[in-house]
Structure formats: C-alpha cells, structure tokens
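When reading the values below, keep in mind they use all heavy atoms of this one structure, side chains included, and skip hydrogens, waters and symmetry mates. Just follow the structure's listing: the first ligand is 1, and inside any ligand the first atom is 1.
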Amino acid sequence: MDHFLYRDGRLFAEDVAIAEIAAEVGTPFYVYSTATLTRHFQLFDEALEGTEHLVCYAMKAASNQAILRTLAELGAGMDVVSGGEYARAIAAGVPGERIVFSGVGKTVSEIEQALTGGIRQFNVESEPEMQAISAVATRLGVTAPITIRVNPDVDAKTHAKIATGKSENKFGIPIARAREVYALAASLPGLEVIGIDVHIGSQLTQLEPFEQAYRKVAELTEVLRADGHDIRRLDLGGGLGIPYTRGNEAPPLPMDYGAMVKRVLGHLGCEIEIEPGRLIVGNAGLLVSAVIYVKSGEGRDFLILDAAMNDLIRPAMYEAHHDIIPVNEPAPGVEQQPYDIVGPVCESGDTFAKQRAMPPLTDGDLVAFRSAGAYGAVMSSEYNTRPLIPEVLVKGDQFAVIRARPSYEDIINRDSIPEWL
Ligand code: LLP
C-alpha cells in the first residue's frame with residue numbers, strides 16, 4: 001500500500017498534487033511519501049513484536065538525510081556498507097549503537113571510523129577482514145562486536161545480479177566452514193563474537209528460500225553454542241520483495257515473514273535484526289518526468305521523456321519493470337496505445353519500457369514511475385552531464401526539496417584543471 005493516489009483525476013502524493021511539485025521544482029524529480037515510509041517501517045517492527053529485535057534499514061536503497069532522519073525518529077537502526085553511509089547515518093542522528101556495518105570489503109580506515117564513532121556490530125565476510133578488524137580494534141584498545149556472515153548456499157530465486165546466497169557468490173563464508181572460522185574469531189584479540197549474519201539476496205518473492213536459509217542458521221546456532229560461542233544475536237539480512245506490477249504480484253507480507261522468523265528461530269532466544277531496504281522505501285517513492293516529444297518511428301511511437309537511464313538505471317541494468325502512469329488520470333474508456341518509453345541519453349539501452357500500453361500522451365504531459373523509491377536516486381549518475389535530479393519529501397500537505405538540483409556551474413566546478421594547462 002502507498003499514498004500515491006488519484007484525486008479528481010490528478011495524482012497526489014499524500015495531500016500534495018504531483019503537478020504542484022513539478023511546477024515548483026521542475027522535472028524530473030523523485031518524490032517520497034513520509035506516510036508510506038512510516039507505514040512500511042512499522043509493518044516490520046510489528047511483524048517482530050514479542051521478540052527482542054531491531055529493524056536496521058538498509059540505507060543503500062535510499063540514503064537521503066531526510067529519509068534517514070524520518071526512519072531514525074521511528075527507532076530504526078541502519079545497515080551501512082561504506083564509510084560514506086556510516087557518516088550519513090551519524091549525520092542523520094542515528095547513534096552508533098544502532099548501526100551495523102555490512103559489506104565484503106571494509107577498509108582499515110572504514111573500520112577505524114566505525115570503531116571510533118561507535119558501532120553495534122560488524123558483519124564480517126572473510127577471514128582477512130576479521131584479522132583486519134582485530135588488528136584495528138587492538139591498536140585502538142577497544143573490542144569490536146562481530147557476527148560472521150555465512151553463505152547458506154540456497155537459491156534466492158531472484159535476478160542473478162541481486163542473488164547473494166549461492167556458493168558461487170562473493171558473499172559470506174561457506175556455512176560448511178563456519179565452525180573453523182568462528183574458532184579463529186574466538187582466538188583473535190579485540191573481537192567479541194556475538195552472533196550470526198545471513199543475507200541471501202534482494203527482491204525475493206517467496207518465503208521458502210528465506211526459511212531454508214534460516215533453518216540452516218538455527219542449526220548452526222546450536223552447533224556454535226555447543227562449541228562454546230555465545231551466539232545471542234541473529235542478523236537475517238534484507239531482501240523481501242515488493243510488487244512492481246500493480247495487481248499482478250503478491251509477494252509475502254512482512255507479517256508473514258515475521259511469523260516465519262519466529263516459528264523457525266524463536267526457540268533460540270536470540271535478538272533478531274533485519275535489514276530491509278527495498279520494502280521500506282521502494283513503494284514510498286515515485287520518479288516524475290515530463291514528455292519532451294512523441295516521436296513516430298518505423299511501426300512504433302516513442303515517448304521521449306526528460307528522465308533517462310542515468311536517473312533510474314534499473315530497467316537498463318536488470319531489465320526491471322516499473323509501472324509508468326500518467327499524472328493526469330485518463331478519462332474512463334480512453335483507448336490505450338503502445339509506446340516505447342525512452343530517455344534522451346545517447347544509448348539504445350536508455351529504454352524504460354517497450355510497447356507499453358499508455359493513454360495517448362503529448363508534449364509536456366507528466367508521467368510517474370511507480371516503485372522508484374529504492375535503488376533509484378542512489379544509483380543515479382551525471383552521465384551525459386545531466387544534473388542529479390532533485391529529491392522531494394511529502395508529509396501530509398507539506399513538501400520540501402530534500403536534495404536540490406545542482407547547477408551546471410556546480411557540476412563543472414567539481415573538476416579542476418591542472419596548472420600546466
Ligand atoms: N542487507 C544486505 C547485506 C544487502 O546486501 C542488501 C541489499 C540488503 C540488506 C537490502 O536488501 P533489500 O531489502 O533492499 O532487498 N540495486 C538492486 C538491489 C541490490 C541489493 C543489494 N543488497 C536493485 O535495484 O534491484
């Protein structure tokens with residue numbers, strides 16, 4: 001459920017007309033709904049009620065300070081994967097003890113940054129990384145809380161580029177080697193082993209792969225406890241999928257996910273952490289764009305938009321589907337026609353949809369890409385020297401620009417010309 005609905009034929013974000021935002025900030029832009037963000041966070045929080053838990057928002061999905069602050073005020077922790085994300089979380093007011101640090105290649109300076117600023121735990125992905133954390137913690141005279149990410153070798157049944165839980169993926173340590181690696185961890189100075197971490201992929205549309213992985217984690221918990229490790233926290237990663245096609249898909253609800261987690265892991269008495277990204281912010285955001293031209297091609301019509309692959313890379317990168325809807329609701333009974341919906345970038349890959357049925361549109365009309373809140377703005381670039389597009393946050397009848405569009409001068413001034421030129 002989200003808060004982007006038509007009212008009297010016009011698309012609204014909560015109580016603000018999209019066209020009103022477009023008139024003020026220009027297109028294209030991203031817009032997020034506070035009510036949807038809040039609702040999605042609370043769904044997860046409620047799904048784990050009765051179990052000690054922390055929902056650590058995977059901020060790689062959308063990391064604007066205003067989004068982080070909104071979630072932090074609801075009590076969210078953060079899952080970060082770089083020193084930059086760590087700094088963003090701290091700047092948004094998230095205390096270090098609510099930040100978990102994931103990722104396969106944490107550098108010495110990132111480890112030092114987190115140990116100095118405060119950290120809930122590192123999710124360790126390899127032995128060399130574990131040794132690096134041990135060395136930095138020892139040098140700083142502190143103890144680093146760690147979990148070890150295990151790779152359970154289950155098929156997440158999602159797009160190959162976003163599956164992470166098979167043995168051929170670069171993530172975690174093979175679960176078969178877990179005892180050996182935990183023994184090493186226990187022998188190293190500066191580390192405190194507190195739990196197990198697992199994350200098998202993103203945009204999962206079934207519970208079964210999660211359940212398979214969590215059953216393996218449950219078994220491992222008992223084995224490691226018998227080996228003498230104090231396993232008291234389980235980080236279960238993120239990955240619960242969202243419906244990208246309206247009316248066609250029904251991925252499991254957070255409530256069902258939570259019930260499964262309690263059923264499979266509840267008896268262990270561990271604190272549970274989860275790291276959802278997409279489900280919290282995906283359907284809380286739209287990308288709004290204007291039609292520049294309608295071009296008639298050989299047997300097909302192109303809608304050329306002012307948004308492009310640099311603003312939303314998902315269709316080009318993962319063949320991802322996003323519903324695209326007109327901001328002015330089509331009159332009932334209007335006949336739809338197929339369009340190829342493209343951006344202005346000089347690559348054929350700059351195609352959002354092929355032969356998509358849309359009501360007839362014309363220059364200047366606004367369209368909205370649904371489900372664009374996650375992995376939209378954060379994956380954008382300034383390719384073709386197209387400025388990063390603004391982000392806007394709506395709350396009730398208020399809206400605010402939470403990231404302004406840079407000017408050409410801002411962009412050019414980021415470069416510098418060496419003195420020999
Ligand atoms: N935890 C870890 C360790 C992760 O690697 C990820 C996502 C998450 C949590 C959050 O997963 P989510 O709940 O958002 O599915 N750019 C791709 C998605 C990449 C996901 C990477 N890791 C896309 O646009 O589909």
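Residues Glu127 and Gln131 have side chains that never bring a donor and an acceptor to within less than 3.5 angstrom of each other.
A salt bridge does not link Glu219 with Arg215: every distance from a Lys NZ or Arg NE/NH1/NH2 to an Asp or Glu carboxylate oxygen is 4.0 Å or more. One finds no salt bridge joining Asp301 and Lys295 here, because no Lys/Arg side-chain nitrogen approaches an Asp/Glu carboxylate oxygen to under 4.0 Å. Remark: Arg232 engages Asp230 in a salt bridge, criterion side-chain N to carboxylate O under 4.0 Å.
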Contact table, ligand 1 N/O with protein N/O, distance under 3.5 Å:
residue, atom, partner, partner atom, Å
ligand 1, 1 (N), Asp79, OD2, 3.4
ligand 1, 1 (N), Glu275, OE1, 2.6
ligand 1, 5 (O), Lys60, NZ, 3.4
ligand 1, 13 (O), Gly239, N, 2.8
ligand 1, 13 (O), Gly277, N, 2.9
ligand 1, 14 (O), Arg278, N, 2.7
ligand 1, 14 (O), Tyr375, OH, 2.6
ligand 1, 15 (O), Ser202, OG, 2.4
ligand 1, 15 (O), Gly239, N, 3.4
ligand 1, 16 (N), Tyr318, OH, 2.8
ligand 1, 24 (O), Arg314, NE, 2.6
ligand 1, 25 (O), Arg278, NH1, 3.1
ligand 1, 25 (O), Arg278, NH2, 2.9
ligand 1, 25 (O), Arg314, NE, 3.4
ligand 1, 25 (O), Arg314, NH2, 3.0

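Shown here are the ring-ring contact (aromatic ring centres under 6.0 Å, His included) partners of Phe171, two or more places apart in sequence or in another chain: there are none.
Between His321 and Tyr244, the ring center distance fails the sub-6.0 Å criterion.
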